[in-house]
Amino acid sequence: MTNVIETHHLRKEYGEKVAVADLTLQIERGEVFGFLGPNGAGKTTVVKMLLGLAAPTAGSAQVLGRPLGDTAIRARIGFLPEHFRFHEWLQAAEFLDLHGQLLGLTAGQRAKRIPQLLNLVELADAAGRRLSTFSKGMLQRIGLAQALLPDPDLVILDEPTSGLDPLGRRLVRDVINQLKVAGTAVFLNSHLLSEVEVTCDRVAFIKEGRIIRTARLGALVEGVTEVVIQVGRVTPELLDGLRRWSSDLRVDGRRITMTIQDEEILPLLSQWVVDQGAGLYALSPQQISLEELFVRVVEGQE
Amino acid sequence: MWVIVRLTAREVQRRKLLWMALALGFVFVTLFAVGFHCVHQELISQVGMGRSELQIFVNFFLTAGLYVINFLSVMMAVLTSVGTVSGEIDSHTIQSLATKPVRRWEILLGKWTAYAGMLAIYMACLGGGLFLVVHLIADYTPQNWLGTIGFLTLEGWVILAVTFLGGTFLSTLTNGVLAFMLYGIAFVGGWVEQIGSLMQSEAAVNIGIVTSLLLPSEALWRRAAHLMQPALIRSLPSNPFGTASVPSPAMVVYAGLYIVVLLAVGLWVFGRRDL
């Protein structure tokens, strides 16, 4: 499958400060990709480089098969910026019309697409209102409509739900699902992990400008598991042996908590503990949430 | 690029910038007309001036009015355009434009073209209004009056080129301060050159020329004023709007090149900077 985004050792420095240290990433066509990391991890800088707003210091990348900075390819990319500011003296429909013109859409295409999109983001009644009178949530929704204007192959959403109420968030989630069905790739920068959990196929965790882990979300939810083992006696040999399956081992009295990547190892694990004569009282696998994983990954516990 | 021109032109309209400036300009032209009419009547009825003397007076009055318009257009050029690039970079508004299939030079040049057009309309309305008032009241139309409007418009464009270049790498405030400082230097330099010319001080004239090279705004004003003045006025040493040292046509060519070079550097900086 062709990659819509492909980066190789992308790096961005601002003077002494390294915003993105080394980013190698592939995003497939039709994939919904979550880009996660704490504030200042370099997420927005990556987005800026992908869109040609900032030039990388080193490395290379291709977006929709074209090198960074290619102007024409932007007609196939939808973008909703994090710091959402548009020309607020424009009316909503006028604003979409202007962006349609910038995208090179014909008058006929614009006349058809703009009412559709205003309906989709539930702003049809506000078509003639100036953006300066819009609430933050309404601005975010008209911004989303703007990102969908070109009927894009790739949509980059930078914190799309930050200003939205629960209904607005559901709207964004529905839009992302529709894009997924239509085969449009989505690159989602978000802090709202519950949103990411229900919309994304794959996630990457970024910290200090580096990707520290990527994972398929299905595997995260179904496979990556935390196991709590209750034994009669904890010995150094037992702990050393368990480290074969997990580097993340926490001991609390006779309780050992560890994360494993694959549930298939559970029978093997229990057999091994029994063989050690440690006295296995309980072995209970527990699912960990994306939020829990996020905290562990960014705090360096994983 | 024309989408950006239209967007900027609509912004100027929507923010009521041009209308406000034109309304105040209309007030100025009206006041000028009333004042000029009264003084003109007085001179004809009481003093009984001859035609050539009267022409000197009318031309002087007209030049004074144009000087005010010249100053207003410089203010207008700086104040309206100073934040159009840096302000949009600071507010991230530029991101929604620069991520569209539009080249960076189209954004910058489109905005400049719209502001240049607005200044041309402003100057045509105010300058044209002044010439019309004088023509109706005193039945006098100075020579090269169209060229005078053209040079004053060119002066506004020079200032615009400065604020656009500054906007690509300076904050809005710094850019505004820089534009006014440069204008101030050119203004003082122009007077130093004038006085130096009368006193036959080559050093003073050279200072004026150097400041004109730094910003050819004052030089364009003097060229514009000189063009419309009859030979008799040009020879008067005590005329405050006189042009003892007239910038050569080469200075006009220089002003044109100045705009092109500043915009080219601005496009280069804007094309490479992170947004």
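Nothing here was measured: the structure is a model prediction, and the numbers come from that model.
- Across A:Ala55, A:Pro81, A:Ala72, A:Pro150, the residue that shares the most heavy-atom pairs under 4.5 angstrom with chain B is A:Ala55.
- For A:Arg130, the part lying near chain B is the side chain, with the backbone staying farther off; criterion is any non-hydrogen pair under 4.5 Å.
- The candidate from A:Gly104, A:Ala147, A:Ala75 with the greatest count of non-hydrogen atom pairs under 4.5 Å with chain B is A:Ala75.
- A donor-acceptor contact shorter than 3.5 Å is absent between the side chain of B:Thr174 and the backbone of B:Leu170.
- Seen from the ring of A:Tyr14, A:Lys12 counts as a face-on cation partner, given the 6.0 Å and 45° thresholds.
- When heavy atoms are compared at a cutoff of 4.5 Å, B:Glu88 approaches chain A solely by way of its side chain, counted from C-beta outward.
- Side-chain N/O atoms of B:Ser86 and B:Thr172 include a donor and acceptor closer than 3.5 Å.
- For A:Glu88, no part sits under 4.5 Å from any heavy atom of chain B, backbone or side chain.
- A:Val121 and A:Arg141 make their closest contact through O-NH1, 3.1 Å (heavy atoms, listed as atom of the first residue, atom of the second, distance).
- Only the side chain of A:Phe79 comes within contact range of chain B, with heavy atoms under 4.5 Å apart.
- Checked by atom type and distance alone, the side chain of A:Trp89 never pairs as donor or acceptor with a backbone atom of B:Arg14 at under 3.5 Å.
- Side chains of B:Gln95 and B:Lys100: no donor on one and acceptor on the other come within 3.5 Å.
- With respect to chain A, the highest number of heavy-atom pairs below 4.5 Å among B:Arg6, B:Arg104, B:Arg10, B:Arg272 belongs to B:Arg10.
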